[in-house]
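Predicted, not measured: the structure shown is a model, and the values here were computed from it.
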Amino acid sequence: MLLGELGVFASYAFAPLSLIVPLSAVSVIASSIIGIIFIKEKWKPKDFLRRYILSFVGCGLAIVGTYLLVTFAPNSHEKMTGENITRHLVSWPFLLYMLVGIVLFCSLLYFYKERNANNVVVILLLVALLGSMTVVTVKAVAGMLILSIQGNLQLDYPIFYVMFVCMVATAIYQAAFLGQASQMYDSSLIASVGYILSTTVAITAGAIFYLDFLGEDVLHVCMFALGCLIAFLGVFLITRNRKKAIPFEPYISMDAMPGMQNMHDKGMTVQPDLKASFSYGALENNDNISEIYAPATLPVMQEEHGSRSASGVPYRVLEHTKKEARLEG
């Protein structure tokens with residue numbers, strides 16, 4: 001994973017941002033195929049096709065979408081010098097984008113924190129807005145580092161350190177919101193919705209900041225958008241077919257037993273007794289059980305076994321109370 005992320009980081013310095021971001025669909029395709037191989041589950045041919053048909057269709061669509069992305073993606077790419085990055089940073093289209101992004105982010109954050117709007121789209125849109133700034137700053141940092149390694153030193157520009165701090169900060173908060181989403185929603189839903197939102201917002205940010213589509217004809221832009229839509233559909237079908245984890249419930253479900261109430265009924269509840277020991281199927285009842293099963297103690301009796309010196313073993317006799325006798329009758 002570390003080598004893969006380093007490779008992605010370096011790739012931002014050699015290709016347009018609008019090309020690299022959608023190609024994360026390749027990792028979804030690879031993980032789907034590798035997962036089927038390494039699970040090694042035994043299926044009959046009919047069951048195998050029924051189980052993985054959506055995955056195969058999704059992989060095919062994602063491959064077609066990736067081909068269109070690579071073929072019709074922007075080809076122009078400028079060097080990431082300090083002067084170029086500073087010029088893009090203070091341009092009015094990006095300033096307008098930043099203003100709209102900040103207002104939208106603050107509004108979503110208010111509804112998420114104060115209004116408890118825990119919808120998956122709200123959380124992942126927060127992640128996408130942060131992620132768009134992450135990829136913009138990653139491309140700037142990676143490009144300036146590559147130029148510095150090649151001999152054109154760019155580390156003496158203050159914009160490099162501004163971009164580096166923004167990259168680290170947005171990545172940390174992006175991971176925090178993503179972790180909160182993973183605690184509330186299934187991973188397959190997060191993967192599909194997150195990929196669609198993050199890719200769309202990141203391409204928009206790259207097109208505004210780095211002017212990726214400047215000079216491109218309408219046909220190339222439309223085919224690129226079509227490739228994105230097909231890749232989105234493919235990723236959605238791949239993640240849609242994943243098995244959902246079954247949560248562990250620390251009680252025995254008695255719904256199938258006739259005449260037995262379950263834990264969601266209004267009357268008697270069936271749940272673990274966590275006060276003392278962990279017991280399954282403990283029944284909560286308001287009857288006075290102590291009165292029914294209260295033991296009666298008789299005097300200790302001595303039993304002779306043919307010898308006066310031999311003493312009998314003391315014992316207790318438990319008899320039913322009158323109340324229990326009436327119940328049994």
Side-chain angles (χ1 to χ4, degrees), residues 1-28 30-31 66 69-70 73-98 101-102 105 126-179 194-195 197-216 224 228:
M1 289 180 63
L2 180 60
L3 291 176
E5 293 301 325
L6 288 176
V8 173
F9 177 80
S11 66
Y12 280 99
F14 300 100
L17 189 149
S18 301
L19 172 62
I20 299 174
V21 172
L23 289 181
S24 57
V26 177
S27 63
V28 180
S31 62
T66 302
L69 289 173
V70 175
N75 296 321
S76 60
H77 175 66
E78 64 177 351
K79 293 184 178 181
M80 293 293 100
T81 60
E83 294 87 353
N84 291 336
I85 296 175
T86 304
R87 186 179 69 255
H88 291 312
L89 187 63
V90 297
S91 62
W92 70 265
F94 183 72
L95 293 177
L96 181 60
Y97 171 81
M98 283 291 298
I102 291 174
F105 182 85
L126 290 171
V127 175
L129 291 173
L130 291 172
S132 65
M133 295 306 302
T134 302
V135 295
V136 167
T137 54
V138 164
K139 181 175 177 58
V141 172
M144 296 180 76
L145 284 176
I146 295 298
L147 288 179
S148 299
I149 294 174
Q150 293 176 351
N152 187 4
L153 186 62
Q154 301 292 321
L155 302 183
D156 53 349
Y157 287 94
I159 191 64
F160 172 80
Y161 302 98
V162 173
M163 288 292 185
F164 182 80
V165 172
C166 293
M167 178 187 68
V168 175
T170 54
I172 292 176
Y173 284 104
Q174 181 183 356
F177 283 114
L178 195 59
Y195 171 76
L197 293 178
S198 298
T199 302
T200 303
V201 179
I203 291 176
T204 304
I208 295 175
F209 188 89
Y210 294 107
L211 305 176
D212 288 340
F213 294 96
L214 184 64
E216 298 289 334
F224 178 84
C228 290

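- Side-chain contact between Leu17 and Val138 is absent, with no heavy atoms from C-beta onward closer than 4.5 Å.
- Residues Asn84 and Arg87 form a side-chain contact, since some pair of their non-hydrogen atoms from C-beta on lies under 4.5 Å apart.
- Distance check, rounded to the nearest 0.5 Å: CG of Leu145 to CD1 of Ile149 gives 6.0 Å.
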What verdict does the side-chain contact (heavy atoms from CB on, under 4.5 Å) test give for Phe9 and Val141, after you've listed the backbone C-alpha separation in whole Å, the side-chain angles of each residue and the deciding distance to 0.1 Å?
CA-CA 9 Å; Phe9 177 80; Val141 172; 4.0 Å; yes

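- With sequence neighbours excluded, the residues that form a side-chain contact (heavy atoms from CB on, under 4.5 Å) with Ala13 are Ala142, Ile146.
- Note on residues 138-150: pairs passing side chain to side chain donor-acceptor pair (under 3.5 Å), not counting sequence neighbours, are His77-Lys139.
- Looking only at distances, no side-chain donor or acceptor of His88 sits under 3.5 Å from a matching main-chain atom of Tyr210.
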Donor-acceptor pairs are to be reported for all side-chain atoms of residues 159-170 against protein atoms at under 3.5 Å, with residues two or more places apart or in another chain.
residue	atom	partner	partner atom	Å
Tyr161	OH	Leu155	O	2.9
Thr170	OG1	Thr134	OG1	2.9
Thr170	OG1	Cys166	O	2.7
Thr170	OG1	Met167	O	3.2

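- If you take CD1 on Ile85 and CD on Glu78, they are separated by 8.5 Å, rounding to the nearest 0.5 Å.
- We find the OG-CG distance between Ser11 and Leu23 to be 8.5 Å, quoted to the nearest 0.5 Å.
- Remark: Ala175 pairs with no residue by the side-chain contact (heavy atoms from CB on, under 4.5 Å) rule, at least two apart or across chains.
- Val135 and Ala202 get closest at one heavy-atom pair: CG2-CB, 3.9 Å.
- Atom-to-atom distance recorded for Gln174:CD and Met133:CE is 12.0 Å, nearest 0.5 angstrom.
- Contacts classified as side chain to side chain donor-acceptor pair (under 3.5 Å) and involving residues 12-27 (residues at least two apart or in different chains) are given here: Ser18-Asp212.
- Thr199 contributes atom OG1, which lies 9.0 Å from atom CG of Leu69 (distance to the nearest 0.5 angstrom).
- Atom CG of residue Leu129 and atom OG1 of residue Thr204 lie 10.5 Å apart, to the nearest 0.5 angstrom.
- Distance alone, capped at 3.5 Å, is enough to place a donor-acceptor pair between the Tyr195 side chain and the Pro22 backbone.
- Residue Tyr97 qualifies as enclosed at atom OH: its count of foreign heavy atoms under 6.0 Å is above 12.
- Glu83 pairs by the side-chain contact (heavy atoms from CB on, under 4.5 Å) definition with Thr81, Tyr157, not counting sequence neighbours.
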